[in-house]
Amino acid sequence: MAEEPVDESARAPGAGSKVVAGNWKMNHGPAAAERFFARFSPAVEEGAVRLVFFTPDLSLAAAADGARVPAEFGVQNIHWEGSGALTGETSAEMAREAGAALTLIGHSERRHIFGETDAEVGRKVRAAVRAGLAPVVCVGELLEERRAGRLEEVLRRQVGAFAGSLAGARAAMVAYEPVWAIGTGETATPEDAAEAHGIVRSALGRRVRVPVLYGGSVKPGNAVALMSAPDVDGVLVGGASLDPDVFARIAEAGAVAGPGGG
Ligand code: 13P
């Protein structure tokens with residue numbers, strides 16, 4: 001594995017700005033993806049933020065073709081094998097060939113609904129890096145873990161399962177998504193986010209300098225404050241990324257919050 005530290009590619013559209021990423025989850029088929037961009041593209045200022053969309057696999061091409069703004073596209077999950085008798089799965093290589101530049105890995109819904117483990121997350125990260133797909137790895141604690149004062153222990157364990165594999169990646173990101181804030185309307189305060197992001201950065205170590213995004217009930221009304229918090233380089237948005245007008249307002253918030261870090 002290469003020993004060069006990860007440094008975010010300056011070639012990405014909007015590089016150096018906040019990352020505003022949408023995770024459509026299991027929403028927006030190809031026709032809806034086209035309709036989304038017909039409305040979203042004229043509503044956003046080009047290059048003000050780094051726009052990323054994690055679409056369903058089947059909508060990736062329609063989204064990438066329909067976007068009339070510079071944006072990057074990714075899938076929401078991969079398998080760690082390159083090919084084989086694994087019905088229903090998609091490999092990193094196939095996602096790349098289909099036009100994905102990034103992939104989410106270890107999203108809380110994958111971990112908690114589909115039982116994905118830290119070890120599997122590690123394997124998927126290595127597969128993505130091998131295939132030249134930028135991993136966007138999600139971490140975050142359950143409410144009971146936070147209440148039990150285990151935030152730091154949980155984040156260090158989750159990050160520890162993949163941090164070593166990021167050292168060879170050309171590009172990568174980490175998303176801190178507290179499980180209790182996903183789809184609940186309940187958001188971490190900017191202070192909570194800054195604390196957790198500080199832990200994630202420290203667990204990644206000095207050799208891995210990648211953007212760390214916040215996710216969990218991000219809305220136009222809280223996006224500026226969250227993206228202005230220390231160590232928050234952008235947002236990963238679920239529900240509020242489905243409506244083009246609402247998501248355009250979050251992109252605007254990213255421009256107001258200013259340059260990203262990483
Ligand atoms: P919501 O923005 O709907 O809370 O979802 C967050 C998320 O899971 C993004 O990956």
Side-chain angles (χ1 to χ4, degrees), residues 18-28 32-33 36 40 49-57 59-60 63 71-78 95 100 102-116 121 124-125 128 134-143 145-146 154-155 158-159 162 172-190 192-193 196-197 200 210-227 229 232-254 257:
K18 293 291 183 197
V19 177
V20 175
N23 172 12
W24 285 355
K25 308 191 179 183
M26 200 172 74
N27 298 287
H28 288 349
F36 176 95
F40 178 77
V49 292
R50 188 173 161 192
L51 287 170
V52 183
F53 291 89
F54 295 97
T55 70
D57 291 4
S59 306
L60 187 67
E72 298 161 79
F73 294 88
V75 293
Q76 300 169 8
N77 181 39
I78 52 162
L102 312 92
T103 180
L104 290 178
I105 295 178
H107 188 275
S108 122
E109 286 145 22
R110 300 295 322 168
R111 292 177 187 263
H112 299 292
I113 302 174
F114 300 100
E116 211 163 284
V121 168
K124 290 182 178 196
V125 170
V136 178
V137 197
C138 305
V139 297
E141 81 289 4
L142 296 163
L143 187 57
E145 293 168 332
R146 167 168 282 263
V154 170
L155 293 182
Q158 291 177 336
V159 173
F162 64 84
M173 300 186 207
V174 174
Y176 167 64
E177 301 203 303
V179 180
W180 47 271
I182 297 178
T184 57
E186 187 103 22
T187 322
T189 63
D192 290 337
H197 284 222
V200 167
V210 299
V212 181
L213 315 183
Y214 169 81
S217 296
V218 175
K219 302 275 182 293
N222 58 25
V224 173
L226 284 164
M227 281 190 269
V232 178
D233 303 312
V235 285
L236 179 57
V237 186
S241 73
L242 296 176
D243 180 312
D245 298 322
V246 174
F247 196 53
R249 284 167 58 209
I250 296 177
E252 233 174 83

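Order of listing sets the numbers, starting from 1, for every ligand and every atom in it.
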Closest to atom 3 (O) of ligand 1 by heavy-atom distance, out of G216, C138, G239, P178, is G239
K25: heavy atom below 4.0 Å from ligand 1, yes or no? yes
Per-atom filter on ligand 1: closer than 4.0 angstrom to a heavy atom of A181 are 4 (O)
**Request:** Go through the side-chain N and O atoms of W24 and Q76 and say whether any donor and acceptor fall under 3.5 Å apart.
**Result:** no
Here the pair of heavy atoms bringing G106 nearest to V121 is CA-CG2, 3.7 Å
Min heavy-atom dist S217 to ligand 1 below 4.0 Å: yes
Per-atom filter on ligand 1: closer than 4.0 angstrom to a heavy atom of N23 are 9 (C), 10 (O)
protein heavy-atom neighbour closest to atom 7 (C) of ligand 1 works out as E177 OE2, 3.2 Å
Logged contact type for L236 with ligand 1, heavy-atom cut-off 4.0 Å, is both
Indicate the ring-plane relationship of F247 and F36, choosing parallel, tilted or perpendicular according to the 30° and 60° boundaries. tilted
- Compute the ring centroids of F73 and F54, then answer whether they are less than 6.0 Å apart. no
Checking heavy-atom distances from atom 4 (O) of ligand 1 to each of G238, S241, G22, G183, the winner is G183
ask   = Run the side-chain hydrogen bond (donor to acceptor under 3.5 Å, both in side chains) check on H107 and E116 step by step: do they pass?
value = CA-CA 9 Å; H107 188 275; E116 211 163 284; over 6 Å; no
message = If you define the side chain from C-beta out and look only at heavy atoms, does anything of E109 sit under 4.5 Å from I182?
response = yes
| said: Using a 3.5 Å cut-off on N or O atoms only, is H107 in polar contact with ligand 1? | reply: yes
Worksheet item: Is it the case that Y176 and Q158 place a side-chain donor and acceptor less than 3.5 Å from each other?
Response: no
